[in-house]
Amino acid sequence: QVQLVESGGGLVQAGDSLRLSCAASGRIFSNYYAGWFRQAPGKEREFVARISRSGGSTYYADSVKGRFILSRDNAQNTVYLQMNSLKPEDTAVYYCAATEYYGGEWSWDYWGQGTQVTVSS
């Protein structure tokens with residue numbers, strides 16, 4: 001089991017930056033891919049970004065590419081999502097997730113409780 005706890009959400013203005021953190025516990029975190037998803041009111045949860053076990057590889061949704069940066073510190077068992085140039089459409093609950101993933105279709109096994117990000121115009 002992996003437990004994930006997000007933090008860092010809040011209310012910001014358009015154009016501002018915010019950094020989300022996801023602290024993991026329970027297993028060796030470096031054995032897991034980590035990712036971020038978000039869910040806006042009335043919408044389905046969507047993929048934001050993911051990072052490889054070592055942190056050497058990242059992948060972003062087109063909607064955040066060039067604005068968000070995903071990184072991890074395996075010594076601290078923490079993943080960071082740096083969000084820059086925030087837009088009102090980034091408003092959502094952001095969830096951290098983890099998976100062991102060994103190929104094939106992505107399936108995220110562990111989830112945090114979410115942190116609210118609100119961007120005002």
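Here the structure is a predicted model, which means the values were calculated and not measured.
In the hydrophobic clustering, where aliphatic and aromatic side chains (Ile, Leu, Val, Met, Phe, Trp, Tyr) are joined below 4.5 Å either directly or transitively, I51 groups with V2, L4, V12, L18, L20, F29, Y32, W36, V48, Y60, V64, F68, I69, L70, V79, L81, M83, L86, Y94, Y110, V117, V119.
Minimum interatomic distance between P88 and S121 (heavy atoms only, all atoms of both residues): CG-CB, 3.8 Å.
Qualifying side-chain hydrogen bond (donor to acceptor under 3.5 Å, both in side chains) partners for S120, counting only residues two or more places apart in sequence or in other chains: none. N31 pairs by the side-chain contact (heavy atoms from CB on, under 4.5 Å) definition with I28, not counting sequence neighbours. Taking F37 as the reference, F47, W108, W111 meet the ring-ring contact (aromatic ring centres under 6.0 Å, His included) condition, with sequence neighbours excluded. For V93, the side-chain contact (heavy atoms from CB on, under 4.5 Å) partners at least two apart in sequence or on another chain are Y95, Q116. For T99, the side-chain hydrogen bond (donor to acceptor under 3.5 Å, both in side chains) criterion is met by D109, not counting sequence neighbours. Q113 pairs by the side-chain contact (heavy atoms from CB on, under 4.5 Å) definition with V5, E6, not counting sequence neighbours. Contacts of E105 classified as side-chain contact (heavy atoms from CB on, under 4.5 Å), with partners at least two apart in sequence or in another chain: none.
Sorted by first and then second residue, the salt bridge (charged side-chain N to carboxylate O under 4.0 Å, His left out) pairs involving residues 16-32 (not counting sequence neighbours) form an empty list. For residues 65-75, every residue pair satisfying the side chain to side chain donor-acceptor pair (under 3.5 Å) rule, not counting sequence neighbours, is listed here: D62-K65, R67-D90, R72-N74. Applying the side chain to side chain donor-acceptor pair (under 3.5 Å) rule to pairs touching residues 42-57 yields R38-E46, sequence neighbours excluded. Applying the disulfide bond (SG atoms under 2.5 Å apart) test to every pair with at least one member in residues 14-96, sequence neighbours left out, gives these pairs: C22-C96.
For the atom pair N84 CG and Q82 CD, the distance stands at 4.5 Å (nearest 0.5 Å).
A donor-acceptor pair is defined here as one N or O able to donate and one able to accept, closer than 3.5 Å; such a pair exists between the side chain of T78 and the backbone of Q76. One N or O on the side chain of T115 and one on the backbone of G9 form a donor-acceptor pair closer than 3.5 Å.
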